[in-house]
Amino acid sequence: MIIVGVDGSVASRAAVEWAAGDAVRRGVPLRVVHVTDTSWYLIGRRPEAVLPATVHQEGWRVLREAEALARERHPAAEVTTCELEGVPAEVLREQAEGAAELVVGSRGLGGFAGAVLGSVSSHVAGHVACPVVVVRGENLPVHGEIVVGADDSPECEPALAYAFEQAELRGATLRVVHAVQSPAHDFVPSTAYDVNEIRAMEQQAVHDRVKAAGHDHPRVTVVEDVQSAHPVDALTAAAERADLLVVGSHGRGALGSALLGSVSRGVLHHTLCPVAVVRS
């Protein structure tokens, strides 16, 4: 099942379209979820306080519109709706348990003007086990290419697997971007080891991971794109001609991989096409 969170915003409408299309391609049901945020209403009230009916009516309206949009764009989609109460990010994380994918808009109705990444999208991407797809509201042309970021670490393997699956489902080319930054050692003539040799070893490791990930997807055309650039810059540039950008969460810190890393957070802020964050 694919879960999509909606709030009536332009970005959430785009998320519904994206999620419905992916549900049809995968042959799985789509559940459209609207979460009525109770945190503002329950401040200073008893825990058993009940929200006014008008608040729920707005949620039901948003769900009806989202369901109609999904069926209009993708008549073959199997769509159900669900209206829940709570903190939106927390509820969506709960709904995503056992799901194939969670799809959200990049910024909802409560976001600040000019803010690219909203509070809900930033608090679910990388925080749930399934891939999280963050969709902007822009109407972009179809390029027939999926971009995925890869390095020589095993943490990129789930992102590669998801990217291969998406490329095969869409009949798209898969561009694997491996960004290599020049280390400080490049500028030290007396370096005791060969930087070029180390880079060659890294590139071979990436190539081997790509080959292994593509074993079950022989029909996918793969382009290995090695660039000398910061990963965020390289991925953002490649995403300009992509239908989807896939990155690993690569988070670090007290919660380990439950946190977004700098690369995944960077591309979420700077990329126009949908971005899938796959838990490492």
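Please read these numbers as outputs of a predicted model, since none were measured by experiment.
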pair [X]-[Y]: side-chain heavy atoms closer than 4.5 Å:
X: Thr36; Y: His34; result: yes
X: Leu69; Y: Glu17; result: yes
X: Val220; Y: Val222; result: yes
X: Glu240; Y: His143; result: no
X: Val87; Y: Val91; result: no
X: Trp60; Y: Thr81; result: no

So, His207 versus Glu224: side-chain donor-acceptor pair below 3.5 Å or not? yes

Looking only at the side chains, is there a donor atom on one of Gln166 and Arg170 sitting less than 3.5 Å from an acceptor on the other? yes

Under the criterion side chain to side chain contact (heavy atoms under 4.5 Å, CB included), which of [options] is the partner of [X]?
X: Val177; options: Asp225, Val226, Val206, Val247; value: Asp225
X: Leu235; options: Val246, Val275, Leu245; value: Leu245
X: Pro231; options: Asp151, Val263, Val180; value: Val263

Determine the minimum heavy-atom distance between [X] and [Y], stating which atoms define it.
X: Ala238; Y: Arg175; result: CB-CD, 4.4 Å
X: Val24; Y: Ala76; result: CG2-C, 4.1 Å
X: Cys156; Y: Gly149; result: CB-O, 4.5 Å
X: Val35; Y: Pro88; result: CG1-CA, 3.7 Å
X: Leu30; Y: Val4; result: CD1-CG1, 3.8 Å
X: Ala20; Y: Ala77; result: O-CB, 4.4 Å

Taking atom CZ as the centre, does Arg209 end up with more than 12 heavy-atom neighbours from other residues, nucleotides or ligands that are less than 6.0 angstrom away? yes

Nearest 0.5 Å please: distance from the [atom1] atom of [X] over to the [atom2] atom of [Y].
X: Leu92; Y: His123; atom1: CG; atom2: NE2; answer: 12.5 Å
X: His269; Y: Thr236; atom1: NE2; atom2: OG1; answer: 11.5 Å
X: Asp37; Y: Glu90; atom1: CG; atom2: CD; answer: 9.5 Å
X: Arg13; Y: Arg73; atom1: CZ; atom2: CZ; answer: 7.0 Å
X: Ser228; Y: His178; atom1: OG; atom2: NE2; answer: 10.5 Å
X: Leu169; Y: Phe164; atom1: CG; atom2: CZ; answer: 13.0 Å

Before accepting this row, confirm whether a basic side-chain N of the pair Arg25/Asp22 lies closer than 4.0 Å to the acidic partner's carboxylate O. yes

Arg64/Glu67 ion pair, N-O < 4.0 Å: no

The test is side chain to side chain contact (heavy atoms under 4.5 Å, CB included); show your working for Arg26 and Glu101 and say whether it passes. CA-CA 11 Å; Arg26 290 170 175 265; Glu101 194 172 74; 3.3 Å; yes

Give the cluster check for [X] versus [Y]: same hydrophobic cluster or not, with ILVMFWY residues linked at side-chain heavy-atom distances below 4.5 Å.
X: Val32; Y: Val135; answer: yes
X: Val133; Y: Leu102; answer: no
X: Ile146; Y: Val103; answer: yes
X: Tyr162; Y: Val277; answer: no
X: Ile2; Y: Val278; answer: yes

Decide side chain to side chain contact (heavy atoms under 4.5 Å, CB included) for Val33 and Val6; before the verdict, give the C-alpha distance in whole Å, the side-chain angles of both, and the deciding distance to 0.1 Å. CA-CA 6 Å; Val33 178; Val6 298; over 6 Å; no

Treating [X] as the side-chain partner and [Y] as the backbone partner, does any N or O pair qualify as donor plus acceptor under 3.5 Å?
X: Ser249; Y: Ser280; answer: yes
X: Ser121; Y: Ser106; answer: yes
X: Arg136; Y: Thr271; answer: yes
X: Arg71; Y: Val79; answer: yes
X: His270; Y: Gly266; answer: yes

Is there a side chain to side chain contact (heavy atoms under 4.5 Å, CB included) between Glu78 and Val28? Walk through the geometry before answering. CA-CA 7 Å; Glu78 180 185 339; Val28 299; over 6 Å; no

Go through the steps for Val223 and Thr173 under the test side chain to side chain contact (heavy atoms under 4.5 Å, CB included), then give the verdict. CA-CA 8 Å; Val223 176; Thr173 297; 3.9 Å; yes

